[in-house]
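A short worksheet on the structure shown next.
Values reported hereafter were calculated over all heavy atoms of this structure, with side chains retained and with hydrogens, waters and symmetry mates removed. Since the model is a prediction, treat every value here as computed from it, not as a measurement.
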Amino acid sequence: HPEGSRRPSAPPAGGCGDRSTSMTTTTRERPVIIGIAGDSAAGKTTFAAGLGQILGPERTLSICADDYHRYSRRERARLGITPHHPDANYIDILEQHVDLLRDGQPILKPVYDHDGGILRPPEYAKPAPFVIIEGLLGFSTQRLRDAYDIKIYLDPRTPLRLRWKFQRDTGIGGYAVEDVMSAIET
């Protein structure tokens with residue numbers, strides 16, 4: 001090489017875009033924020049879990065936007081509001097948390113317990129190289145839509161989605177058949 005010129009450095013192990021370095025306070029790479037949204041029972045949680053496995057559980061922080069419900073199931077029934085309504089959720093706190101995670105900061109994430117329909121104490125969550133946020137209202141504001149590096153919207157055909165909803169809600173969810181049918185009709 002001529003004097004004064006430099007050889008290009010070799011790409012990092014693992015190829016282009018290798019993000020295998022851990023996020024530390026000394027050298028920190030901004031995490032990739034992935035948003036997954038879709039209608040109820042579109043497969044968001046299943047898709048997010050699969051993506052997390054592919055990216056590596058040790059390199060992924062997964063957040064369910066359902067954790068940002070403002071009210072318990074009992075309170076929503078009393079108020080006559082569904083969790084699908086933005087007012088029944090702390091969207092503003094979700095927005096703040098996405099910003100903090102993007103900046104490499106930890107959060108105190110709320111926790112919604114689907115089994116009992118109750119709000120649990122918050123959990124301490126640290127950012128990871130990949131942050132997956134999945135939920136029905138994940139794209140509900142411009143601020144959230146702008147926050148994602150990758151946006152995935154799941155839109156299965158209605159008959160399939162309704163079948164999945166019925167199976168999930170009457171099985172894992174523990175809802176009565178009548179309640180699920182009523183929810184599907186509204």
Side-chain angles (χ1 to χ4, degrees), residues 33-52 60-102 105-125 127 131-148 150-186:
I33 310 290
I34 303 167
I36 302 171
D39 203 350
S40 180
K44 300 176 295 294
T45 302
T46 302
F47 188 88
L51 182 59
T60 305
L61 170 64
S62 290
I63 294 177
C64 178
D66 288 0
D67 285 336
Y68 292 81
H69 286 342
R70 186 180 300 261
Y71 307 110
S72 69
R73 190 177 299 152
R74 179 175 288 146
E75 290 171 313
R76 289 192 311 268
R78 183 177 51 78
L79 295 168
I81 190 168
T82 74
H84 303 157
H85 194 286
D87 290 346
N89 295 273
Y90 288 114
I91 302 295
D92 56 337
I93 295 174
L94 177 58
E95 292 170 335
Q96 291 171 3
H97 284 179
V98 172
D99 291 343
L100 287 167
L101 291 166
R102 173 182 296 292
Q105 301 298 313
I107 61 170
L108 275 178
K109 185 186 74 57
V111 176
Y112 178 77
D113 181 346
H114 280 277
D115 291 335
I118 59 175
L119 305 171
R120 297 271 184 205
E123 294 176 346
Y124 186 78
V131 176
I132 300 172
I133 299 166
E134 59 94 0
L136 185 76
L137 298 173
F139 298 168
S140 63
T141 68
Q142 189 64 49
R143 184 172 167 187
L144 283 172
R145 289 188 298 274
D146 291 345
Y148 301 115
I150 300 169
K151 296 184 221 48
I152 302 165
Y153 186 83
L154 300 178
D155 188 21
R157 294 183 184 272
T158 300
L160 177 60
R161 186 182 62 76
L162 293 177
R163 184 177 60 183
W164 287 346
K165 180 173 181 58
F166 189 80
Q167 289 171 340
R168 178 196 68 194
D169 291 355
T170 59
I172 297 169
Y175 287 96
V177 172
E178 299 79 25
D179 292 339
V180 176
M181 294 305 291
S182 176
I184 288 173
E185 293 169 1
T186 59

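Rounding to the nearest 0.5 Å places OG of S40 at 9.0 Å from CG of L162. The CZ atom of R76 sits 6.5 Å away from atom CZ of R73, with the distance rounded to the nearest 0.5 Å. One distance of note links CD of E75 with CD1 of I81; it measures 11.5 Å at 0.5 Å rounding. Distance check, rounded to the nearest 0.5 Å: OG of S72 to OH of Y112 gives 7.0 Å. Note that CD1 of I93 and CG of D67 are 12.0 Å apart. Values are rounded to the nearest 0.5 Å. Between the CD1 atom in I33 and the CG atom in D146 there is a gap of 13.5 Å [rounded to 0.5 Å].
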Given R74 and R78, is the side-chain contact (heavy atoms from CB on, under 4.5 Å) satisfied, shown in steps?
CA-CA 6 Å; R74 179 175 288 146; R78 183 177 51 78; 5.8 Å; no
Pair Y148, I133 - check side-chain contact (heavy atoms from CB on, under 4.5 Å), show working.
CA-CA 9 Å; Y148 301 115; I133 299 166; 3.9 Å; yes
Run V98 and L144 through side-chain contact (heavy atoms from CB on, under 4.5 Å) and show every step you take.
CA-CA 8 Å; V98 172; L144 283 172; 4.1 Å; yes
Evaluate K44 against F47 for side-chain contact (heavy atoms from CB on, under 4.5 Å), listing each step before the verdict.
CA-CA 5 Å; K44 300 176 295 294; F47 188 88; 5.9 Å; no
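Looking only at side-chain heavy atoms (C-beta outward), T158 and L160 stay at 4.5 Å or farther from each other. Contact of the L154 side chain with the I152 side chain is registered, since non-hydrogen atoms from C-beta on lie closer than 4.5 Å. Annotation: side chain of E123 is not in contact with side chain of L108 (no heavy-atom distance under 4.5 Å). Counting heavy atoms from C-beta on, the side chains of K151 and F139 come closer than 4.5 Å. Annotation: side chain of P121 is not in contact with side chain of V111 (no heavy-atom distance under 4.5 Å). Using a 4.5 Å cut-off on side-chain heavy atoms (C-beta onward), I34 and L51 make contact. Looking only at side-chain heavy atoms (C-beta outward), Q105 and P127 stay at 4.5 Å or farther from each other. Between I63 and E134, every side-chain heavy-atom pair lies at or beyond the 4.5 Å cut-off.
Residues satisfying the side-chain contact (heavy atoms from CB on, under 4.5 Å) criterion with A65, sequence neighbours excluded, are L94. Scored by the side-chain contact (heavy atoms from CB on, under 4.5 Å) test, T46 finds no partners at all (sequence neighbours excluded).
Residue pairs satisfying the side-chain hydrogen bond (donor to acceptor under 3.5 Å, both in side chains) criterion with at least one member in residues 87-101, sequence neighbours excluded, are listed as follows: Y68-H97, H69-N89, E95-T141, D99-R143.
The minimum heavy-atom distance between P156 and W164, with the atom names listed, is CG-CZ3, 3.9 Å.
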